[in-house]
Amino acid sequence: MTQDKEAARARTAMLKKLREEHKDTIEHTRVLLKKQQEIRRIISQAMKDGAGTVPEIAGASGLPAHEVLWHVTAMKKYDLVTETGRDGDYYRYALVEEASQ
Amino acid sequence: MNSRPDPNESENPMNTPDLKVDALVVGGGIAGMQSALDLADQGYRVALVEKEASIGGKMIMLSKVFPTLDCCSCITTPKMSAVAHHDNITLLTTCDVQALHTNGNGGYTAKVQQNPRYIDADACTGCRQCEYVCPIDLPASYDLDMGATRAIRVPFSTAVPQKAIIDIEHCLLCGKCEKACPTDAVDFSQQPFTFNIETNAVVLATGFQTTPTDAKREYGGGKLLNVIDALSMERLLAPTGPYGHILRPSDGKEPESIAYVQCAGSRDQSLGVPYCSRVCCMYAIKQAMLLSGALPMADITIYYMDIRTFGKGYEQFYQNAKAMGIEFVHGKVARIDEDSEHNPVIRVETIENGRIAERTHDLVVLSVGMLPGENLGPIFDVQPADDGFAAIPDPTLSPSATGHPGVFVTGTASGPMDIVDSIIMAGAAAAQAAAYLETMRSSVAAGPTAIPEVAHV
């Protein structure tokens, strides 16, 4: 039991030291994450009504199309977005929960 | 002749004692892997040191090889696996060689630093559950930033070893990965670890880099969204590519008109690169053929100064491309701009009639050249030649020897070459290293005075 407590204390101290060493990069990543979450919220809102192409999502969200493509690509990789077919030269994308309904 | 290395030693050098091997191979691309396998198959003990988290080099990123159009991954992955499982090879990833010194016995001592994965590699199963819970998406360098990855990730789907790594510079230290890991493999306590490798021979296979996409400002690379480099197109063509399709980066449109601009980083005095990179013509033709197959309705144009198809079967490959309907325009591209739809507009002077033409495409690919990779001077005392690649004192009779006994260079570390030539040269370096090792053994057997003098490195 004492050993467990000592190990936990050592781990806490180690993480504290690591956080201190990397405080600048952690802060930078935190800002990036906040911005990313906001963009994802806007993209998800634009896709709420159904599947869309990148230019359609960009038009609905007000975000640049290349930025939308990057985020949709990331969301597709991690199973948050799925491809639902084509519309001319473009593929259509839908939120996973929307596509499953 | 050798016992199998302890896998703990390969993957967790925090507990690794100093290694003693016959040959040290630096670099885990195709040339380094081939040299390591050729030496190990002859019974020599080999340590292969790779700075990245996976071996495979640039070749594993490619779609297909020319002129056979064999799948790159299908060729490279078995070699990666063979390296990882070979009884005579100790694989050391995330490692940098920091110094190389003669050891007084005719061989060398390499000081190697292993950078932490922050993962217990023995425990990690590569399940990627950690990656799925990581909150931050980052541009994936493996996909030339077109796709995303996370701060904790398995480097790519066929990575060897198939182990996660934490990019500590982008980690929030939120602990979600620790909670998600089913084997408690996340270990933030890891520190850089330095150890020594004793070796009698060294094979340097440190590879190359490509011309930066924005090197020629008039071509708009890095600024115009639909001007990409050829390595990016390789990722778009690969089945594991970022989009899963060939799409242009500005808006995800499937391109109907694609252009290649040749010599966009080679044979160009303004960039300080007077030499021919030897691969650009063939990879552009290969990509054009693959695009023809994937996008049958697309128009594909290659703007070129010369087409150089010197290898076995290469000229026929070029003729096949022409027969497939790929347009070859003999002319020098002066600049690339874009219209309001982000379509690149190429301004070219055609050599046949000397006219200036402007042509609009959906996507432009810059056939970037090969530049020297790591400078081998400071650590290995292998000085660069005029072109920046490793100097070879006798390239005709001894194409891998560096001038330091027992130190050899191979693959694109010695100059621009394609995959076929890299593999041939890797075999040559292994053969020269093996001959050197046998000479050393004979010398040792004959007595200490017979050990050849080794230059200070």
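The analysis underlying the following values was restricted to heavy atoms, covering all of them including side chains, and did not include hydrogens, waters or symmetry mates. Residue numbers begin at 1 in each chain, while the letters A, B, ... track the order of the sequences. As the structure is a prediction and not an experimental result, all values here were calculated from the model.
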Which atoms form the tightest heavy-atom contact between A:Thr29 and B:Glu169, and what is the distance? OG1-O, 3.9 Å
Residue part contacting chain A, namely of B:His245, when any heavy atom lies under 4.5 Å: side chain
I need the minimum non-hydrogen distance between B:Met146 and A:Thr73, along with the two atoms involved. O-CG2, 4.2 Å
Identify the two heavy atoms, one from B:Ala148 and one from A:Trp70, that lie closest to each other, and give their separation to 0.1 Å. CB-CZ2, 3.7 Å
Can you tell me how far apart CG (B:Asp251) and CD (A:Glu67) are? Round to the nearest 0.5 Å. 14.0 Å
What distance separates B:Ile136 CD1 from A:Lys34 NZ, expressed to the nearest 0.5 Å? 13.5 Å
When the 4.5 angstrom heavy-atom criterion is applied to B:Pro139 and chain A, the contacting part is both
Quick one: CD on A:Glu83 to OH on B:Tyr243, what's the gap to the nearest 0.5 Å? 13.0 Å
Just say parallel, tilted or perpendicular for the rings of A:Tyr78 and B:Tyr132, cut-offs at 30° and 60°. perpendicular
A side-chain contact here means heavy atoms from C-beta on lying under 4.5 Å apart; do B:Leu138 and A:Leu32 qualify? yes
So, the part of A:Lys76 with a heavy atom under 4.5 Å from chain B: the answer is side chain
Considering all heavy atoms of both residues, which atom of A:His66 and which atom of B:Leu225 are nearest to each other, and what is their separation? ND1-CD1, 3.6 Å
State, to 0.1 Å, how close A:Leu18 and B:Leu173 come at their nearest heavy-atom pair, and which atoms those are. CD2-CD2, 3.7 Å
Between atom SG of B:Cys171 and atom CD1 of A:Ile26, what is the distance when rounded to the nearest 0.5 Å? 7.0 Å
Rounded distance (nearest 0.5 Å) linking atom CD of A:Glu21 with atom CD1 of B:Ile168: 9.0 Å
Option that, when pairs with chain A are counted at under 4.5 Å, heavy atom only, ranks first among B:Arg128, B:His342, B:Glu178: B:Glu178
B:Pro249 and A:Leu69: which non-hydrogen atoms are nearest, and at how many Å? O-CD2, 3.5 Å
Most chain A-contacting option - heavy-atom pairs closer than 4.5 Å, from B:Glu256, B:Glu131, B:Glu254, B:His170: B:Glu254
With the threshold set at 4.0 Å, does a side-chain nitrogen-carboxylate oxygen contact exist between A:Arg40 and B:Asp137? yes
